[in-house]
Amino acid sequence: MFDTLSDRLADTFKNLRGKGRLTEADVDATAREIRIALLEADVALPVVRAFIANVKERALGAEVSKALNPAQQVVKIVDQELVQILGGETRRLRFAKQPPTVIMLAGLQGAGKTTLAGKLGHWLKKQGHTPLLVACDLQRPNAVNQLSVVAERAGVAVFAPEPGNGVGDPVKVAKDSIEYASTQQYDIVVVDTAGRLGIDQEMMQQAADIRDAVHPDEILFVVDAMIGQDAVNTAEAFRDGVGFDGVVLSKLDGDARGGAALSIAHVTGKQIMFASNGEKLDDFDAFHPDRMASRILGM
Amino acid sequence: LSRERLDEDTWEEVEDTLITADVGVAPTQELVERLRTRVRVLGTRTPEELRALLREELVALVDPTLDRTLHTDSHEESPGVVLVVGVNGTGKTTTTGKLARVLVADGHSVVLGAADTFRAAAADQLQTWGERVGARTVRGPEGGDPASIAFDAVKEGIAQGADTVLIDTAGRLHTKTGLMDELGKVKRVVEKHGPVDEVLLVLDATTGQNGLVQARVFAEVVDITGIVLTKLDGTAKGGIVVAVQRELGVPVKLIGLGEGADDLAPFEPGAFVDALIGD
Ligand SMILES: Nc1nc2c(ncn2[C@@H]2O[C@H](COP(=O)(O)OP(=O)(O)OP(=O)(O)O)[C@@H](O)[C@H]2O)c(=O)[nH]1
Ligand SMILES: Nc1nc2c(ncn2[C@@H]2O[C@H](COP(=O)(O)OP(=O)(O)OP(=O)(O)O)[C@@H](O)[C@H]2O)c(=O)[nH]1
Ligand SMILES: [K+]
Ligand SMILES: [Mg+2]
Ligand SMILES: [Mg+2]
């Protein structure tokens, strides 16, 4: 169903070879094909527009008209521009000068936060840290048990003083966890929070209150790679409601093209730091902008 | 659609509305072409009239004539059986709980089958829902065989003379053949007791174009009979179901509007389209 951009452009440029110069119509046709390819990959419409305005200039330039294979040349330009936006400024997790380092997870319902908490715990432990997972989702049925099980599987400690299922104050748990971590010598605290909608003011305030109680070194926005056009609304709502420092893209083990990565990077300018690509503890990787660009383009 | 006359900007707004609702490029283009033809034929002049036409076309696509009844009633000897499937985190367990709530409130007796033995605390989550709404949960050991738990749940339903058995399954990406085979087996094993009455695919409204691919594969493996579109209480419109229904002919039967027990509603084509095209 999805044609790759290369196929589409090959068609567009079929009659071009030898002409030596791109007409405005050629450029428009090219822009149209790029637009469709990005939309089919779930890149959000406003981002597609801004992106195309950028590449159009380069597509008009000599590097395309003079190319032996203009279609390939355009794909190369698009790919480079994608990598640039997705790459941004590469950085690693920030650790606090004075432990514990606090990592807070936030995102929509079902995005993969709790699973990620386990993966982070596991990964950090392998690096010689002693992480503590903190159960601040006191809402979703059995979210606390889930985190406890995940922590056990990862071989790391959990701070879960409240039973959840509607009982307990997540802000207090978050606050108490820092004190607990300090006295028990945990050097990293990973705060799992309940899933929430961008438009849920009350829940967004709760996230902000948790943030203010623990002063995170990193707030990671966890987002499902399958998300469509809503990625922009959601990313903006979390940016404005709680703020975030980095992004984790989850469920990349599927076949979604993952255009949301571009939408979010473009709109927020935040680094996508990790890729979550499976249900198991080890299914966790650094984010690779070049792979993501190829994936979005279906290459 | 705020302009007074139909110009290219108006058409672009129509297209933008559909694209940003995740309707998809090809369905959007087809719809816009059809609208353009109708506008020419009808001599439509104002954005207002165009909007009415757009609504009409979308409602027709979503097809109000489709049978959206949920088949949960018991048979002579056995309960109605509903299998709930989908990719990870879409809202299967929550939907199972909400559905149990509706059925119990209607005076039905319900048994829940916790056939997700993989996700941490999945059975606990379902059982909590069961306790909340008044349904017994049949569960097995962590890491156990989901098919045998599903089988046992229906067996228990028969023994109890229950009206309906709802089976919650583990989230799985449609690309994982091993897990999809496992799901096929769950269904086949349950069918030893008799036919499965409903196979509900739970789709998250935030899902983009991948939703169609998901639906295709799940339809192939377990022959889905209905779709539940969850998380419509957010800003996402769930437009991908338009393509799903069009291609597979499987109707959306229910929508999820929140995390609470009562946040489940029948799918209404008109209301869905109104939300999709906004005000
Ligand atoms: N295939 C796959 N599944 C994942 C990945 N990350 C998480 N999941 C699954 O997605 C589902 C939801 O994950 P959770 O970690 O519970 O998500 P959450 O954001 O904590 O959900 P809420 O707390 O309900 O908001 C579970 O079935 C996980 O196993 C991933 O990278 N790949
Ligand atoms: N806002 C909103 N949240 C929902 C809705 N349905 C489910 N959720 C939430 O979405 C998250 C995932 O729901 P689950 O029922 O655990 O999803 P699942 O499909 O069973 O997940 P896995 O079994 O891990 O694949 C939870 O936080 C639910 O509370 C809905 O209609 N609206
Ligand atoms: K909505
Ligand atoms: Mg969680
Ligand atoms: Mg579940």
Side-chain angles (χ1 to χ4, degrees), chain A residues 1-2 35-37 39-46 48 108-112 114-115 118 139-153 165 194-200 223-234 237 250-251 253-260 278-279, chain B residues 15-16 19-26 28-29 87-94 97 118-129 131-132 142 170-176 179 204-214 216-217 230-231 233-240 247 258-259:
Chain A
M1 171 197 178
F2 299 113
R35 178 177 184 274
I36 293 173
L39 286 173
E40 285 188 341
D42 286 323
V43 180
L45 184 58
V48 172
L108 290 178
Q109 288 92 344
T114 306
T115 307
Q139 189 164 309
R140 225 279 305 282
N142 298 82
V144 175
N145 303 20
Q146 186 192 355
L147 187 73
S148 303
V149 172
V150 157
E152 195 187 307
R153 287 181 189 168
N165 296 354
R196 65 202 74 223
L197 295 172
I199 49 166
D200 188 336
V223 65
D224 186 325
M226 295 179 275
I227 193 173
Q229 295 286 319
D230 198 48
V232 165
N233 295 331
T234 297
S250 70
K251 308 183 198 173
D253 45 326
D255 58 358
R257 300 273 286 278
E279 295 189 73
Chain B
E15 213 181 285
D16 289 3
I19 293 283
T20 53
D22 291 312
V23 170
V25 178
T28 295
Q29 283 173 347
V87 301
N88 305 85
T90 54
K92 293 172 294 298
T93 306
T94 307
F118 182 78
R119 170 169 164 178
D124 296 336
Q125 186 190 355
L126 187 69
Q127 189 168 354
T128 298
W129 271 104
E131 284 159 9
R132 227 183 237 184
E142 194 184 294
R172 67 198 78 224
L173 293 179
H174 53 286
T175 48
K176 313 231 156 154
L179 294 178
D204 181 330
T206 60
T207 309
Q209 299 308 301
N210 196 245
L212 180 57
V213 191
Q214 292 169 26
R216 260 184 214 144
V217 180
T230 57
K231 310 186 193 175
D233 47 326
T235 40
K237 310 285 191 190
I240 189 63
E247 184 180 310
E259 300 184 74

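In what follows, every chain begins at residue 1, and chains take the letters A, B, ... in the order their sequences are listed. All heavy atoms count here, side chains included; hydrogens, waters and symmetry mates do not.
With rounding to the nearest 0.5 angstrom, the CG atom of A/D42 is 8.0 Å from the CD1 atom of B/I240. Distance check, rounded to the nearest 0.5 Å: CZ of B/R119 to OG1 of A/T114 gives 7.0 Å. To the nearest 0.5 Å, atom CG of residue B/N88 and atom OG1 of residue A/T115 are 8.0 Å apart.
Applying the salt bridge (Lys or Arg N to Asp or Glu O under 4.0 Å) criterion to B/D124, with sequence neighbours excluded, gives B/R139. Scored by the salt bridge (Lys or Arg N to Asp or Glu O under 4.0 Å) test, A/K251 finds A/D224 as partners (sequence neighbours excluded).
Here the closest heavy-atom approach between residue B/D22 and residue A/Q229 is recorded as OD1-N, 2.8 Å.
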| said: Please determine whether side chain to side chain contact (heavy atoms under 4.5 Å, CB included) holds for the pair B/T175 and A/D253, giving the CA-CA distance in whole Å, both sets of side-chain angles, and the decisive distance to 0.1 Å. | reply: CA-CA 8 Å; B/T175 48; A/D253 45 326; over 6 Å; no
Show the numbers, then the answer: is there a side chain to side chain contact (heavy atoms under 4.5 Å, CB included) between B/T206 and A/T234? CA-CA 10 Å; B/T206 60; A/T234 297; 5.7 Å; no
field: From CA spacing to verdict: side chain to side chain contact (heavy atoms under 4.5 Å, CB included), B/Q29, A/I36
entry: CA-CA 11 Å; B/Q29 283 173 347; A/I36 293 173; 4.0 Å; yes
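For the pair A/L197 and B/E259, the minimum side-chain heavy-atom distance is 4.5 Å or more. At least one side-chain heavy atom of B/H174 sits under 4.5 Å from a side-chain heavy atom of A/D255.
Neither the backbone nor the side chain of B/E131 comes within contact range of chain A; no heavy atom of the residue lies under 4.5 Å from a heavy atom of that chain. Looking at B/E142, only its side chain comes within 4.5 Å of chain A, counting heavy atoms on both sides.
By number of non-hydrogen pairs under 4.5 angstrom with chain B, the leading residue of A/Q139, A/R35, A/E279 is A/E279. Of all the listed residues (B/G208, B/G91, B/G97), the one sharing the greatest number of non-hydrogen pairs under 4.5 Å with chain A is B/G208.
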